[in-house]
Enquirer: 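One structure coming up, written as structure tokens, with questions to follow.
Side chains are part of it too, since the values below use all heavy atoms of this structure and drop only hydrogens, waters and symmetry mates. Nothing fancy with the numbering, it's 1 onward along the sequence.
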Amino acid sequence: QSNQEKFIQLIGQTVGFEHVALIHLNDTYEKKGSKIDRHATLGQGTMGIEPLQRFALHPSLKSIPLLMELPIIDNEEEKLVLNQAQNWHK
């Protein structure tokens, strides 16, 4: 069982999925535990696209809206990232 799966189970056991109104999802340029809040474009940071997508599409979480916090990027790149994330559900 992955750490991600353990974390998702912890959410269900402690908070309850029905009480989660929003998922704040972002990639980061920093290492785990750095306590530095420096966002990366999805898939371009240290986390990578696959774990973010797997988390967002987990059966227990996939109906919960996502809020993505991106770094400052131009409008065209932002549209591409948003389209990419929207296509995860297709």
Enquirer: Only pairs at least two apart or in different chains count here, so list each salt bridge (charged side-chain N to carboxylate O under 4.0 Å, His left out) that has a residue in residues 71-80.
Expert: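 Counting only pairs at least two positions apart or across chains, the salt bridge (charged side-chain N to carboxylate O under 4.0 Å, His left out) contacts touching residues 71-80 are Glu76-Lys79.
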Enquirer: So which atom in Pro71 and which in Ala40 form the shortest heavy-atom distance, rounded to 0.1 Å?
Expert: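 That would be CD-C, 3.5 Å.
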Enquirer: Asp37: what forms a side chain to side chain donor-acceptor pair (under 3.5 Å) with it, not counting sequence neighbours?
Expert: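 Asp37: side chain to side chain donor-acceptor pair (under 3.5 Å) contacts with His39.
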Enquirer: Same cluster or not: Leu61 versus Val15, using hydrophobic residues (I, L, V, M, F, W, Y) connected whenever any side-chain heavy atoms lie under 4.5 Å apart?
Expert: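 As far as the 4.5 Å side-chain criterion goes, Val15 and Leu61 are connected within one cluster.
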Enquirer: Residues in side chain to side chain donor-acceptor pair (under 3.5 Å) with Glu5, at least two apart?
Expert: His58
Enquirer: The criterion is side chain to side chain donor-acceptor pair (under 3.5 Å); which residues satisfy it with Glu30, sequence neighbours excluded?
Expert: Arg38
Enquirer: Taking Ile49 as the starting point, is it possible to reach Tyr29 by hopping between hydrophobic residues whose side chains are less than 4.5 Å apart?
Expert: no
Enquirer: For Phe17, does the CZ atom sit with more than 12 other heavy atoms under 6.0 Å from it, leaving out its own atoms?
Expert: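 Yes, because the 6.0 Å sphere around CZ of Phe17 holds more than 12 heavy atoms from other groups.
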Enquirer: I need the Asn26 CG to Met47 CE distance, nearest 0.5 Å.
Expert: 7.5 Å
Enquirer: Holding to side-chain contact (heavy atoms from CB on, under 4.5 Å), I want the full list of residues that pass it with Leu80, two or more places apart in sequence or in another chain.
Expert: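 Here no residue qualifies.
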Enquirer: Has Thr46 got a side-chain atom pairing as donor or acceptor with Thr28's backbone, closer than 3.5 angstrom?
Expert: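 It does hold such a pair.
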Enquirer: Find the distance between CG (Leu82) and CG (Asn75) and round it off to the nearest 0.5 Å.
Expert: 10.5 Å
Enquirer: Measuring from atom OG1 of Thr41 to atom CE of Met68, what distance do you get when rounded to the nearest 0.5 angstrom?
Expert: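 If I round to the nearest 0.5 Å, the distance is 10.5 Å.
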Enquirer: Which pairs pass salt bridge (charged side-chain N to carboxylate O under 4.0 Å, His left out) with one or both residues in residues 46-68, sequence neighbours excluded?
Expert: Glu50-Arg54
Enquirer: Would you please name every residue forming a side chain to side chain donor-acceptor pair (under 3.5 Å) with Gln1, sequence neighbours left out?
Expert: Gln9
Enquirer: How close do Leu25 and Ala56 get, heavy atom to heavy atom, and via which atoms?
Expert: CD2-CB, 4.3 Å
Enquirer: Which pair of heavy atoms, one from Gln44 and one from Asp27, lies closest together, and at what distance?
Expert: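 Closest heavy-atom pair between Gln44 and Asp27: N-OD2, 3.5 Å.
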Enquirer: Out of curiosity, Asn3 CG to Lys32 NZ, how far, rounded to the nearest 0.5 Å?
Expert: 6.0 Å
Enquirer: Return each pair, listed once, that meets salt bridge (charged side-chain N to carboxylate O under 4.0 Å, His left out) where at least one residue sits in residues 8-19; pairs must be two or more places apart or across chains.
Expert: none
Enquirer: So which atom in Ala21 and which in Pro65 form the shortest heavy-atom distance, rounded to 0.1 Å?
Expert: O-CD, 3.5 Å
Enquirer: Could you walk me through whether Leu66 and Phe55 satisfy the side chain to side chain contact (heavy atoms under 4.5 Å, CB included) test, starting with their C-alpha distance in whole Å, then the side-chain angles of each, then the deciding distance to 0.1 Å, before giving a yes or no?
Expert: CA-CA 11 Å; Leu66 295 175; Phe55 184 81; over 6 Å; no
Enquirer: Hydrophobic side-chain clustering at under 4.5 Å (ILVMFWY, transitive links): who's grouped with Leu22? Put none if nobody.
Expert: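 Leu22 clusters with Leu67.
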